[in-house]
Amino acid sequence: MAKMNFGGVIENVVTREEFPLEKAREILKNETIAVLGYGVQGPGQSQNLRDNGFNVIVGQRPGKTYDKAVADGWVPGETLFSIEEAAQRGSIIMCLLSDAAVMAVWPTIKPLLTTGKTLYFSHGFAITWNDRTGCVPPADIDVIMVAPKGSGTSLRTMFFEGRGLNSSYAIYQDASGDAYDKTIALGIGIGSGYLFETTFQREATSDLTGERGSLMGAIQGLLLAQYEVLRENGHTPSEAFNETVEELTQSLMPLFAAKGMDWMYANCSTTAQRGALDWMGPFHDAIKPVMQKLYNSVKCGHEAQISIDSNSKPDYREKLEEELRQLRESEMWQTAVTVRKLRPENN
């Protein structure tokens, strides 16, 4: 484990150089890794582990995702089983089901979490709010987490590119005394770039805040507000979208991802510099109270309860599809369809 300086704060990180793949294989050589769920994180993590030489099986209910697992090379009765059978066969149970699905199957899989097994998550939700989810693990097993900071698709794509997606890691229960080594070995095995230390509670809280904030909720709200103001003041959909979304995602984001926003500020026009420096303060001051309100709602468990309650309603899927349809068919994202078609790589 290395000590790294992040903006003046020292944190624990683990890199692939100090914990190579060969070491990870040695630590897990006698383990059967059962990946439960083949939706968001399951495909990327399970395939990366398999391609890296680990003993992996998948547990998934029949349906489209089961068929996808078959298409990805998992063999029914050999490496692809029901969720219950995979949990029974596995010594490391990677629970990559959705939060709602974890709660639904918990009464079934908990008796299969026998002494000496390891329960792995990629999200701290079920354990952090287990007073609400009911997911209280047995005391005689290891409970660990590796949480890639991105989608399972990105994890798989970056694996093929020889890169890694950064991940956080945490240990909730160390019944065996070997939980740390297993955690890092799995993190390296799934294709993490580097791993940084957290806790289940911190990961769950930061993750829900990020999803509702700068990663999805706030960014959509910000983009829509600017797009609407431009449209309401006579700008065409194409102009409003290009100035709001297209330039951000296609030109600027790759640059400040590679070099930082400080570099971006130093390398734009003097007009843009002055405006950005003048207006970042008012935006910060307007947004921070909303962000604090969001964080408080997450930390106290209110957001978790909203998710639990909504996911348990029989008409949840229909209402969700309607909300997503409205978003998809909004003028801004319909304009996006046309703009994407006009990109040079599509012509």
Nearest heavy-atom pair of Arg16 and Gly191: which atoms, and what distance? NH1-O, 4.5 Å
With a 4.0 Å cut-off, would you call Arg61 and Glu84 a salt bridge? yes
Just so I know, are the side chains of Asp51 and Arg156 near enough to count as touching, which here means a heavy-atom distance under 4.5 Å? yes
Is there a side-chain contact between Phe6 and Phe196 in this structure, where contact means two heavy atoms from C-beta onward sitting under 4.5 Å apart? no
Is there a donor-acceptor pair under 3.5 Å between the side chain of Glu85 and the backbone N or O of Ser82? no
Could you check whether any side-chain heavy atom of Met145 comes within less than 4.5 Å of a side-chain heavy atom of Tyr169, counting everything from C-beta outward? no
Is any NZ, NE, NH1 or NH2 atom of the basic residue among Lys68 and Asp72 found under 4.0 Å from an Asp or Glu carboxylate oxygen of the other? yes
N/O donor-acceptor pair under 3.5 Å between Asn166 side chain and Gly193 backbone: no
Quick check for you: to the nearest 0.5 Å, what is the distance between Ile219 atom CD1 and Thr249 atom OG1? 10.0 Å
Side chain of Gln173, backbone of Ile141: donor and acceptor closer than 3.5 Å? yes
So does Lys293 get a backbone contact from the side chain of Ser297, meaning a donor-acceptor N/O pair under 3.5 Å? no
For Ser168, run the side chain to side chain contact (heavy atoms under 4.5 Å, CB included) check against Thr198, Val146, Leu195, Asp207 and tell me which one passes. Thr198
Return yes when atom OH of Tyr265 has more than 12 non-hydrogen atoms of other residues, nucleotides or ligands closer than 6.0 Å, and no otherwise. yes
Hey, could you give me the CG/CE distance between Leu230 and Met332, rounded to the nearest 0.5 Å? 11.0 Å
Is it true that the NZ or CZ of Lys313 lies under 6.0 Å from the centre of Tyr316's six-membered ring and within 45 degrees of the ring axis? no
Could you pull out the closest heavy-atom pair between Leu113 and Pro138, with the gap in Å? O-CG, 3.7 Å
Check the surroundings of atom NZ in Lys149: do more than 12 heavy atoms from other residues, nucleotides or ligands lie under 6.0 Å from it? yes
Counting N and O atoms only, with roles assigned by atom type, does the side chain of Asn346 sit under 3.5 Å from a partner on the main chain of Leu342, one being a donor and the other an acceptor? no
Under 3.5 Å side-chain donor-acceptor pair for Thr157 and Glu161: no
Do Met94 and Leu49 make a side-chain contact, defined as non-hydrogen atoms from C-beta onward lying under 4.5 Å apart? yes
Might you point out which heavy atoms bring Ile93 and Ala86 nearest each other, and give the distance in Å? CD1-O, 4.4 Å
Quick check against the 3.5 Å criterion: does Ser214 have a side-chain atom that pairs as donor or acceptor with the backbone of Gly210? no
Hey, does the side chain of Ser307 reach the backbone of Ala304 with a donor-acceptor pair shorter than 3.5 angstrom? no
Review item, side-chain donor-acceptor pairs of residues 126-134, under 3.5 Å, at least two apart:
from, atom 1, to, atom 2, distance (Å)
Thr128, OG1, Gly124, O, 2.7
Thr128, OG1, Phe200, O, 3.1
Asn130, ND2, Ile127, O, 3.2
Arg132, NH1, Gln305, OE1, 2.9
Arg132, NH2, Cys300, O, 3.3
Thr133, OG1, Ala126, O, 2.7
Thr133, OG1, Trp129, O, 3.4
Thr133, OG1, Cys135, N, 3.3

Can you check whether Gln250 reaches Arg343 side chain to side chain, under 4.5 Å on heavy atoms? yes
Nearest 0.5 angstrom please: Leu96 CG to Gln60 CD, how far? 10.5 Å
Name the one of Glu321, Glu329, Glu323 that satisfies side chain to side chain donor-acceptor pair (under 3.5 Å) with Arg325? Glu329
Decide salt bridge (Lys or Arg N to Asp or Glu O under 4.0 Å) for Lys23 and Glu26; before the verdict, give the C-alpha distance in whole Å, the side-chain angles of both, and the deciding distance to 0.1 Å. CA-CA 5 Å; Lys23 181 177 179 179; Glu26 179 63 24; over 6 Å; no
Check whether Thr32 reaches the backbone of Ser91 with its side chain - one donor and one acceptor, N or O, closer than 3.5 Å. no
Would you indicate whether Gln88, at its atom CD, is surrounded by more than 12 heavy atoms from other residues, nucleotides or ligands within a distance under 6.0 Å? no
Answer yes if Tyr180 and Val143 sit in the same cluster of Ile, Leu, Val, Met, Phe, Trp and Tyr residues linked by side chain heavy atoms under 4.5 Å apart, and no otherwise. no
Is there a path from Ile144 to Leu28 through hydrophobic residues (I, L, V, M, F, W, Y) whose side chains come within less than 4.5 Å of each other? yes
Does the side-chain hydrogen bond (donor to acceptor under 3.5 Å, both in side chains) test come out yes or no for Gln326 and Glu322, once each step is laid out? CA-CA 6 Å; Gln326 291 179 21; Glu322 174 58 23; 2.9 Å; yes
Quick one: does Thr244's side chain have a donor or acceptor within less than 3.5 Å of a partner on Phe241's backbone? no
Measuring from atom CZ of Phe125 to atom OG1 of Thr205, what distance do you get when rounded to the nearest 0.5 angstrom? 11.0 Å
Nearest heavy-atom contact between Gly189 and Asn52 is O-ND2, 2.8 Å
Of all the heavy-atom pairs spanning Pro43 and Gly39, show the shortest one and how long it is. CD-O, 3.5 Å
Under the criterion side-chain hydrogen bond (donor to acceptor under 3.5 Å, both in side chains), I'd like the reasoning laid out for Gln41 against Ser122: C-alpha separation, chi angles, the key distance, then a yes or no. CA-CA 8 Å; Gln41 283 289 335; Ser122 281; 5.1 Å; no
Side-chain ion pair, Asp315 and Lys319, N-O less than 4.0 Å: yes
Between Asn48 (side chain) and Ile190 (backbone), is there a donor-acceptor pair under 3.5 Å? yes
With clusters defined by side-chain heavy atoms of hydrophobic residues (ILVMFWY) lying less than 4.5 Å apart, directly or transitively, does Phe121 cluster with Leu165? no
Nearest atoms (heavy-atom pairs only) where Ala24 meets Phe54: O-CE2, 3.6 Å
Could you tell me the separation between the CG atom of Asp285 and the CE atom of Met280, rounded to the nearest 0.5 Å? 10.5 Å
Is there a path of hydrophobic side-chain contacts, each under 4.5 Å between heavy atoms of I, L, V, M, F, W or Y residues, that connects Ile188 with Leu186? yes
Between Met253 and Met264, is there shared hydrophobic-cluster membership here, with clusters defined by ILVMFWY side-chain heavy atoms closer than 4.5 Å? yes
